[in-house]
Amino acid sequence: MENVIHSARGGVPLPAVPMPLSRPATDAPGDPTHRIPAPAPADLPPRAPAGRRASHATGFWFVAVAFAVLMAFGTAPTPLWPLYEARDHFGATTVTVAYASMVVGAAAAFLGLGHLSDRFGRRRIIVPALLVGIVASVVLIVWQDLPGLIAGRILNGVGLGLMASTATTYLHDLYQEARPERTGSALPGIVATAANLGGLASGPLVAAVAAEWLPTPLITTQAIFTLAMAVCLTLVLCTPETVDLELPAAQPPSRFVLRPGGRRAFGAAGALGAFAFAILGLISSLGARVLHGTLHTDSHLVVGLAAFLMFGSAAAAQLVLGRLRLPRLLTVGAVAFPVGLVLCAVALYHPALWLYLVAVSLSGAGSGLLFKGGVERAVSVAEPASRAGVLAVFFVVAYLGMGLPSVLFSIALRHFAVQTAMIGFAAVLSCGAVVSVAVALRDRQGGPGKSSARSDRPS
């Protein structure tokens with residue numbers, strides 16, 4: 001999903017959302033999820049001094065590849081969780097805690113470090129993001145027990161948060177430097193969405209292939225991503241910087257400031273992000289357990305395929321339907337999301353692998369649309385000078401939705417059958433998403449929720 005957070009202009013992510021044009025604002029992930037209009041030439045970051053090894057056009061694709069690889073690394077453990085369970089002797093709840101530890105690292109990076117690319121430069125944040133990712137992978141290789149797994153996942157989240165909060169803006173900057181005559185082109189946003197959600201989708205598939213056909217898959221998978229991130233680090237080091245550090249920042253860091261009367265609308269937007277991410281987190285953490293225990297499928301490849309279809313459907317839905325007006329976008333999402341969840345429950349009561357794959361694809365598409373609508377709604381109620389700060393909070397709420405419901409679901413499995421737990425999970429998420437859509441659309445008809453032409457002065 002295109003990420004939008006603290007100074008990198010799309011969790012997931014994972015779309016056309018108005019953004020401040022004074023100085024690029026940071027985007028976040030995962031997502032997954034909105035296309036940011038390219039800034040006007042006068043508002044672009046200052047051109048960095050020359051002395052580079054690659055052109056801006058070539059660097060654009062270097063950064064896109066690095067973005068995709070690091071996002072793939074974040075979701076790679078999806079088909080590997082049963083192997084970690086067997087190695088370290090833990091159960092479903094610990095799986096979700098280990099999964100959620102990445103969320104903690106990403107949330108910390110979004111809030112505390114996401115704005116730094118405006119101050120220190122885009123490349124100077126992307127490089128540490130890749131280095132942290134490499135360190136996380138090495139930790140997972142050499143520290144082979146539960147504390148090492150959690151430590152590696154936290155570091156993984158920090159790297160992911162740094163990358164997601166900077167890469168989208170970096171792509172916009174590089175494209176405008178390479179093609180200044182194409183101001184307003186949708187290509188950077190499309191590439192950012194494809195890199196973000198495409199990476200999230202491909203990670204489980206790569207790990208599934210390693211688990212299915214390669215020896216020692218827990219080590220082999222990490223080695224593959226360590227090598228890939230090292231190559232990406234070399235490419236990014238050859239990419240030109242787009243921020244001139246000799247010039248002072250154009251404005252102070254954004255704060256969390258909403259338009260008058262915008263609190264309820266922001267609450268609805270945050271709820272949409274949390275509900276949309278909940279199903280993504282559940283399938284990423286407990287999908288293997290559901291497939292192995294209920295659908296009697298021991299294939300790691302099938303587990304990876306299910307996650308690939310879910311994230312891929314979220315990306316496809318955003319790219320195909322992303323230009324719909326907000327009411328229609330949210331309406332389509334509010335229909336597809338519950339239908340997908342209901343089909344998930346049906347596929348568990350009457351075990352059918354094909355139905356489960358259809359269900360996760362449909363729920364993934366619905367979650368992608370709901371998330372994109374939530375991002376648009378959050379932006380519309382933010383004060384212009386505070387959009388980055390508001391989106392930072394929005395993404396933290398969304399990522400909590402990715403982690404906490406999965407932990408609660410794993411606890412429910414101690415007391416209920418997986419089919420019963422899935423029915424309750426589907427009912428809560430469906431009702432919550434529909435109510436959140438209703439509130440978001442109702443408040444949109446008033447004055448506070450609408451974007452206005454107010455200036456971008458700091459608030």
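Along the sequence shown, residues carry numbers from 1. When reading the values below, keep in mind they use all heavy atoms of this one structure, side chains included, and skip hydrogens, waters and symmetry mates. Just so you know, these numbers come straight off a predicted model, no measurement behind them.
Side chain of R123 to backbone of T239: a donor-acceptor contact under 3.5 angstrom is found. S284 places no side-chain N or O within donor-acceptor distance of the main-chain N or O of G281, the cut-off being under 3.5 Å. Between the side chain of S313 and the main chain of A365, no donor-acceptor pair closer than 3.5 Å is present. For the pair T94 (side chain) and F90 (backbone), a donor-acceptor distance under 3.5 Å is absent. The backbone N or O of A98 sits less than 3.5 Å from a side-chain atom of S101, completing a donor-acceptor pair. Proximity of a side-chain donor or acceptor of S137 to a complementary backbone N or O of I134 within less than 3.5 Å is not detected. Between the T420 side chain and the F416 main chain, no donor and acceptor come within less than 3.5 Å of each other. T294 contributes no side-chain N or O that, together with a main-chain N or O of L291, makes up a donor-acceptor pair within less than 3.5 Å.
What you find for S285 and T96 is that their closest heavy atoms are OG-CG2, 3.9 Å. When all heavy atoms of T78 and A307 are compared, the closest pair comes out as CG2-CB, 3.9 Å. Considering all non-hydrogen atoms of both residues, T93 and I411 come closest at OG1-N, 4.1 Å. The shortest non-hydrogen separation linking A336 to G366 is CB-CA, 4.0 Å. The minimum heavy-atom distance between Q318 and L369, with the atom names listed, is N-CD2, 4.4 Å. Nearest heavy atoms, F73 versus A136: CE2-CB, 4.1 Å.
For the pair V191 and F60, the minimum side-chain heavy-atom distance is below 4.5 Å. Put simply, the side chain of L329 reaches to within 4.5 Å of the side chain of E376, judged on heavy atoms. Residues S367 and L280 have side chains in contact (heavy-atom distance under 4.5 Å, counting atoms from C-beta outward). Annotation: side chain of R179 is not in contact with side chain of L174 (no heavy-atom distance under 4.5 Å). Under the 4.5 Å side-chain criterion, counting only non-hydrogen atoms from C-beta, F110 is not in contact with L162. Between Y356 and I283 the shortest side-chain heavy-atom distance falls below 4.5 Å. With contacts defined as side-chain heavy-atom distances shorter than 4.5 Å, the pair Y99/W81 qualifies. The side-chain heavy atoms of R153 and V104, taken from C-beta on, include no pair separated by under 4.5 Å.
Distance check, rounded to the nearest 0.5 Å: CZ of F225 to CG of L140 gives 11.5 Å. Rounding to the nearest 0.5 Å places OH of Y175 at 16.0 Å from OG1 of T242. Taken to the nearest 0.5 Å, the CD1 atom of I190 stands 12.5 Å off from the CG atom of L171. Interatomic distance, L330 CG to L272 CG, rounded to the nearest 0.5 Å: 6.0 Å. Taken to the nearest 0.5 Å, the CE atom of M422 stands 9.0 Å off from the CG atom of L413. Between the CG atom in L341 and the OG atom in S363 there is a gap of 5.5 Å [rounded to 0.5 Å].
For R124 and E241, the salt-bridge test passes: some basic side-chain N is under 4.0 Å from an acidic carboxylate O.
A 6.0 Å sphere centred on CZ of F308 holds no more than 12 heavy atoms belonging to other residues, nucleotides or ligands.
Aromatic ring centres of F275 and F337: separated by at least 6.0 Å.
Looking only at atom types and distance, the side chain of R377 has a donor-acceptor partner in the side chain of S380 under 3.5 Å away. No side-chain donor from either of S410 and R289 sits under 3.5 Å from a side-chain acceptor of the other.
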**OP:** Evaluate the side chain to side chain contact (heavy atoms under 4.5 Å, CB included) criterion for residues L408 and F425: first the C-alpha distance (whole Å), next the side-chain angles of each, then the deciding distance (0.1 Å), finally the verdict.
**Re:** CA-CA 10 Å; L408 296 177; F425 188 81; over 6 Å; no
Subject >> Stepwise side chain to side chain contact (heavy atoms under 4.5 Å, CB included) test for C232 and V65 >> reply: CA-CA 7 Å; C232 290; V65 171; 4.0 Å; yes
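Between F394 and F371, the angle of the ring planes lies from 30° to 60°, which puts this pair in the tilted group.
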